[in-house]
Number of protein chains: 2
Amino acid sequence: MTQAESREGTDSLPGTSPEATRIPRKRDAEATQKRILSSAKHEFAMSGLGGARVDVIAEKAEANKRMIYHYFGSKEALFTKVLEEAYGDLYEAERKLKLDHLEPKVALERFVRFTWNYYLENPDFITLVNSENLHKGVHLESSDVLKSVSKNRLHMLENLLVRGQKSGVFRSGIDAMQLHISIAALGYYYLTNRYTGSIVFRCDLMAPEMLKKRIEFNVDSIIRIVSA
Amino acid sequence: MTQAESREGTDSLPGTSPEATRIPRKRDAEATQKRILSSAKHEFAMSGLGGARVDVIAEKAEANKRMIYHYFGSKEALFTKVLEEAYGDLYEAERKLKLDHLEPKVALERFVRFTWNYYLENPDFITLVNSENLHKGVHLESSDVLKSVSKNRLHMLENLLVRGQKSGVFRSGIDAMQLHISIAALGYYYLTNRYTGSIVFRCDLMAPEMLKKRIEFNVDSIIRIVSA
DNA sequence: TTCATATGTAAATATCTTGTTACTTATGGG
DNA sequence: CCCATAAGTAACAAGATATTTACATATGAA
């Protein structure tokens with residue numbers, strides 16, 4: 001089956017020819033790039049950088065391999081772009097949280113829940129990050145995009161800690177980076193290792209009641225860690 | 001060129017010929033299997049299941065591809081065996097800890113430090129587990145070996161918690177599985193994401209003083225989580 | 001309209017990769 | 001010793017795979 005034919009199922013003809021001839025795609029560079037990025041994100045997340053196939057990415061994007069190389073240069077450059085977008089999305093969602101006006105303890109709890117929910121709702125993020133770390137971070141280490149978006153990453157949490165310390169609900173001397181890492185860790189580890197974890201512990205770690213147990217345990221843990 | 005001829009370039013005949021003759025490897029099935037397993041563990045850890053190459057595994061094992069298929073059947077079966085061994089090694093090291101006679105708090109701290117050190121000294125374990133989870137646990141879900149070695153995995157920690165609760169140092173109502181997962185998570189996440197983490201936080205997470213900071217933070221966190 | 005160029009398609013290429021096959025050699029039991 | 005068999009080697013086959021090339025078509029500016 002030709003690629004032109006492969007599209008005929010979903011579309012019909014714009015006027016001229018009666019039988020199912022190919023409908024040339026409307027030229028839309030931006031849309032094509034978006035479809036490729038979205039498809040790549042999914043494939044890279046599912047199979048890792050090494051396991052993902054350029055052919056499959058192109059096919060799922062309803063685009064052509066040639067377009068991938070045209071727009072992104074190489075499989076690895078595409079992977080880099082996907083990673084940058086994934087980090088950008090997370091950070092943007094974080095920024096939207098607006099925790100500054102909330103009571104420190106409430107704000108911290110909300111941040112813990114947000115982090116957990118983000119991982120849960122964006123499972124791609126975790127596998128993408130895992131894949132990049134398997135490759136020792138080579139795709140992001142020279143990424144100005146990541147460096148830019150990750151600037152002042154700890155600002156919000158630092159403010160939160162200072163506010164809480166001043167009001168006496170948090171103890172002093174808490175390292176914001178260590179806490180930030182811990183908040184991520186408690187959720188991330190559970191979810192990334194959900195398959196082996198379910199085997200080892202002989203239960204379905206993704207069952208709704210188990211997920212609920214986990215997030216409540218995490219919230220409680222983080223609060224205990226910072227409490228005065 | 002025949003297959004026999006193809007070897008004559010590097011080697012000459014044993015005994016009959018005077019100059020540097022080939023030394024045929026001593027036949028030792030067990031040793032060869034061990035070399036293959038060790039090499040495979042390293043390659044799978046370095047590149048993941050998909051990224052590892054059977055040829056490279058054979059070469060690094062100073063063995064032959066044929067031997068891999070002879071002894072293990074397939075790349076995936078070899079991967080399964082490597083995983084089973086990796087889990088077995090961790091669990092055996094855990095069993096050697098002998099925490100029963102220690103004061104609960106001291107014992108728990110020792111367990112947290114053990115877990116951290118094990119990940120630090122066996123970085124292969126983390127990437128192997130990551131790789132298996134990328135593959136949704138398919139290689140271990142039917143592994144009787146893993147099911148066998150992971151039996152009563154929470155026993156030690158449960159005993160510890162009960163002892164601590166009885167003596168009043170630990171609070172009651174702590175879920176041993178959640179705690180176990182958290183102890184692993186705080187170390188595992190930091191180490192598996194050390195590359196992207198170092199970029200995002202603009203510091204070398206693997207620098208000795210940073211590692212020290214992390215383990216001390218983790219020990220303190222776990223103690224706070226369980227304290228009465 | 002005309003034409004340069006951005007966008008898109010199909011096929012080729014060169015290299016890799018897993019698993020197999022045909023073959024060689026060491027080992028140990030009779 | 002003799003020889004069946006376990007252990008080991010090299011080359012091959014079939015199918016993937018990333019990237020490139022040759023070509024086609026839509027678009028918009030002149």
Side-chain angles (χ1 to χ4, degrees), chain A residues 1-8 11 14-17 21-37 39-40 43-44 47-80, chain B residues 1-17 21-37 39-40 43-44 47-80:
Chain A
M1 177 156 75
T2 70
Q3 290 176 354
E5 283 167 347
S6 73
R7 277 205 346 274
E8 75 183 7
D11 304 306
T16 56
S17 150
T21 56
R22 91 223 250 11
I23 303 107
R25 179 186 321 289
K26 277 277 162 51
R27 299 174 141 233
D28 190 336
E30 203 183 339
T32 301
Q33 288 175 51
K34 271 188 184 159
R35 286 201 314 280
I36 290 173
L37 269 173
S39 166
E43 288 304 309
F44 284 138
S47 312
L49 167 58
R53 299 296 161 228
V54 177
D55 293 85
V56 177
I57 292 171
E59 191 185 359
K60 295 238 174 111
E62 295 184 89
N64 190 281
K65 249 193 312 184
R66 167 76 171 71
M67 293 292 93
I68 291 178
Y69 287 94
H70 181 64
Y71 289 127
F72 300 98
S74 71
K75 186 185 179 185
E76 301 218 353
L78 177 60
F79 182 65
T80 304
Chain B
M1 176 158 75
T2 69
Q3 290 174 355
E5 280 169 347
S6 72
R7 275 200 354 270
E8 74 181 7
T10 46
D11 308 308
S12 53
L13 238 33
T16 57
S17 139
T21 58
R22 95 233 246 358
I23 302 112
R25 180 188 320 289
K26 277 275 162 54
R27 302 173 139 232
D28 190 336
E30 203 183 338
T32 300
Q33 288 175 52
K34 271 188 184 157
R35 285 201 316 280
I36 291 174
L37 269 174
S39 166
E43 289 304 309
F44 284 138
S47 312
L49 168 59
R53 299 295 161 229
V54 176
D55 293 86
V56 177
I57 292 171
E59 192 185 0
K60 294 239 173 110
E62 297 183 88
N64 190 281
K65 240 192 325 181
R66 169 73 170 71
M67 292 292 93
I68 291 178
Y69 288 95
H70 179 63
Y71 289 127
F72 300 97
S74 71
K75 186 185 179 184
E76 301 218 352
L78 177 59
F79 182 66
T80 304

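When reading the values below, keep in mind they use all heavy atoms of this one structure, side chains included, and skip hydrogens, waters and symmetry mates. Letters go in sequence order (proteins before strands), and every chain restarts at 1.
- Remark: P of D:dT25 and NE2 of A:H70 are 18 Å apart, rounded to the nearest angstrom.
- Contact annotation: the side chain of A:V54 approaches that of A:Y69 to within less than 4.5 Å [non-hydrogen atoms, C-beta and beyond].
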Nucleotide N/O to protein N/O under 3.5 Å, stretch nucleotides 15-20 of chain D:
| residue | atom | partner | partner atom | Å |
| --- | --- | --- | --- | --- |
| D:dT17 | OP1 | A:R53 | NE | 2.7 |
| D:dA18 | OP1 | A:A52 | O | 3.4 |
| D:dA18 | OP1 | A:R53 | NH1 | 3.4 |
| D:dA18 | OP1 | A:K75 | NZ | 2.9 |
| D:dA18 | OP2 | A:V54 | N | 3.2 |
| D:dT19 | OP2 | A:Y69 | OH | 2.5 |
| D:dT19 | OP2 | A:K75 | N | 3.3 |
| D:dT19 | O5' | A:Y69 | OH | 3.4 |
| D:dT19 | O4 | A:K65 | NZ | 2.4 |

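- Salt bridge status for B:E62 with B:R35: absent, with no side-chain N to carboxylate O gap under 4.0 Å.
- The CE-P distance, from B:M67 to C:dT21, rounds to 15 Å in whole Å.
- The distance between atom CZ of B:F44 and atom P of C:dT17, rounded to the nearest whole Å, is 14 Å.
- Between D:dA6 and B:Y71, no contact under 4.0 Å exists linking OP1 or OP2 to a side-chain N or O.
- Contact check for A:F44 versus A:K75: side-chain heavy atoms found under the 4.5 Å cut-off.
- One finds no side-chain N or O of B:T32 lying less than 4.0 angstrom from the OP1 or OP2 phosphate oxygen of D:dA7.
- Rounded to whole Å, the distance from CZ on B:F72 to P on D:dG8 is 12 Å.
- For B:E59 and C:dT17, the CD to P distance is 12 Å, given to the nearest whole Å.
- For A:E59, there are no side-chain contact (heavy atoms from CB on, under 4.5 Å) partners at least two apart in sequence or on another chain.
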- [ ] With salt bridge (Lys or Arg N to Asp or Glu O under 4.0 Å) as the test, would you mind laying out the steps for A:R53 and A:E43 before giving the verdict?
- [x] CA-CA 8 Å; A:R53 299 296 161 228; A:E43 288 304 309; over 6 Å; no
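- Summarising the geometry, the separation between CD on B:E62 and P on D:dT9 is reported as 10 Å, rounded to the nearest angstrom.
- For the pair A:I36 CD1 and C:dT7 P, the computed distance is 11 Å after rounding to whole Å.
- Contact of the B:T32 side chain with the B:N64 side chain is not registered, since no non-hydrogen atoms from C-beta on lie closer than 4.5 Å.
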